[in-house]
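Here's the structure, in structure tokens; my notes come after.
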Amino acid sequence: SIRTDAAHGKPGQWLLDPNDILITDFLGSPPIDPNFNVGPDFTSTGDSAVIYSQNITSALNSGNNVTITTATQPGDIGLGDVTFSGANIIANPSKAVTLKVDAQGSIFLYGSTIQSNGKPLNLNLSAAGSGLGSIRLVASTIDTRGGNITLGGPSATFCGVNECVNDFAGAIAVTDGSSRLAGVEIVDSMLDAGSGSIRITGAAGQGLTFYEDYPIGITIGSGSSLSA
């Protein structure tokens, strides 16, 4: 097991640095993916890596702040995406903790749950570290027991053929014109921050040009709910 908590100080961070990451459940005792160097700091050694929900849940339950970060490795061909697929991260921390996901590309949650049954769990999903990347939640649940929920991306300058958008902070999606993409899209999903806050920031461009009359920054579909 991995512990970075401190009895008389601030909890440490468990760092994971692959190119593309899949986060999912594992039936039984989860193995260590060979695409990671065993840590306490986890760094990918392959083109993609798998993190099992149980490992993240265990770290949060131990009082750790968990950071999951994509990074470019020599020879890799990934996009720097993080995908939660059928992942159930249901933690019971004894003190407030934070789960942060930093993606160079996009962050996807498909049929997944991130939930605290204990103290508040702050969740920060930050896409577009490379300048482009979206966040998409489908049939997923986020329940933080009073923790803040932040969906977006880092500050960036997005330049097209005709203009630049300076110091924009948010997930940014582009399309070649054949399909409409949103910076942040929420479909059939529930976000509940309790006494905490929900902040969603997104923008979109088309091709290499940013269109003010085509602002698909954020879409929240029917069947979704947000509560804070």
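- With rounding to the nearest 0.5 angstrom, the NZ atom of Lys100 is 5.5 Å from the CG atom of Asn124.
- By the 4.5 Å heavy-atom criterion applied to side chains, Val101 and Ile23 are not counted as neighbours.
- Between the side chains of Ser53 and Asn88, not a single donor N or O lies within less than 3.5 Å of an accepting N or O.
- In terms of heavy-atom proximity, Gly153 sits nearest to Ser126 at CA-OG, 3.5 Å.
- Checked options Leu123, Asn55, Thr57; the residue passing with Ile89 is Thr57 (criterion: side chain to side chain contact (heavy atoms under 4.5 Å, CB included)).
- Minimum interatomic distance between Pro120 and Gly146 (heavy atoms only, all atoms of both residues): CB-C, 3.8 Å.
- If you take CG on Leu151 and CD on Glu185, they are separated by 12.5 Å, rounding to the nearest 0.5 Å.
- Placement of Ile198 and Leu99 within a single hydrophobic cluster is found when ILVMFWY residues are connected by side-chain heavy-atom separations under 4.5 Å, directly or transitively.
- Note that the OG atom of Ser195 and the CG atom of Asn148 stand 8.5 Å from one another [nearest 0.5 Å].
- Legend: residues meeting side-chain hydrogen bond (donor to acceptor under 3.5 Å, both in side chains) with Ser106, ordered by chain and number and at least two apart, are Ser134.
- Listed for the Ser62 side chain is no donor-acceptor partner under 3.5 Å among the backbone atoms of Leu60.
- At least one donor-acceptor pair under 3.5 Å links the side chain of Thr24 to the backbone N or O of Ser85.
- Minimum interatomic distance between Ala59 and Val66 (heavy atoms only, all atoms of both residues): CB-CG2, 3.7 Å.
- Taking all atoms of both residues into account, the shortest heavy-atom contact from Ala127 to Gly105 is CB-O, 3.4 Å.
- No path of Ile, Leu, Val, Met, Phe, Trp and Tyr side chains, each step under 4.5 Å between heavy atoms, connects Phe108 with Ile135, placing them in separate hydrophobic clusters.
- Asp20 contributes a side-chain N or O that, together with a main-chain N or O of Asp81, makes up a donor-acceptor pair within less than 3.5 Å.
- A donor-acceptor pair under 3.5 Å is formed between the side chain of Asn65 and the backbone N or O of Thr98.
- Membership of an apolar cluster is not assigned to Met190, as no side-chain contact below 4.5 Å to another ILVMFWY residue is traced.
- Using a distance-only test at 3.5 Å, with no hydrogens or angles considered, a donor-acceptor pair links the side chain of Ser189 to the main chain of Ala139.
- When side chains are defined from C-beta on, Ile114 counts as touching Phe84, because their heavy atoms get closer than 4.5 Å.
- When hydrophobic clusters are built by joining Ile, Leu, Val, Met, Phe, Trp and Tyr residues whose side-chain heavy atoms come closer than 4.5 Å, directly or via intermediates, Leu121 is grouped together with Ile200.
- Between Gly196 and Ala228 the shortest heavy-atom distance is O-CB, 3.4 Å.
- In this structure, the separation between CG on Leu191 and OG on Ser227 is 9.5 Å, given to the nearest 0.5 Å.
- Test Leu137, Asp192, Leu226 against Ile142 for side chain to side chain contact (heavy atoms under 4.5 Å, CB included) and you get one pass: Leu137.
- Of the possible polar contacts, none joining the Asp188 side chain to the Val138 backbone as a donor-acceptor pair under 3.5 Å is found.
- No donor-acceptor pair closer than 3.5 Å links the side chain of Thr201 to the backbone N or O of Gly152.
- The backbone N or O of Asn92 lies less than 3.5 Å from a partner atom in the side chain of Asn61, making a donor-acceptor pair.
- Note that OG1 of Thr70 and CG of Asp102 are 7.5 Å apart. Values are rounded to the nearest 0.5 Å.
- If you chain together hydrophobic residues whose side chains sit under 4.5 Å apart, Tyr110 and Leu79 never meet in one group.
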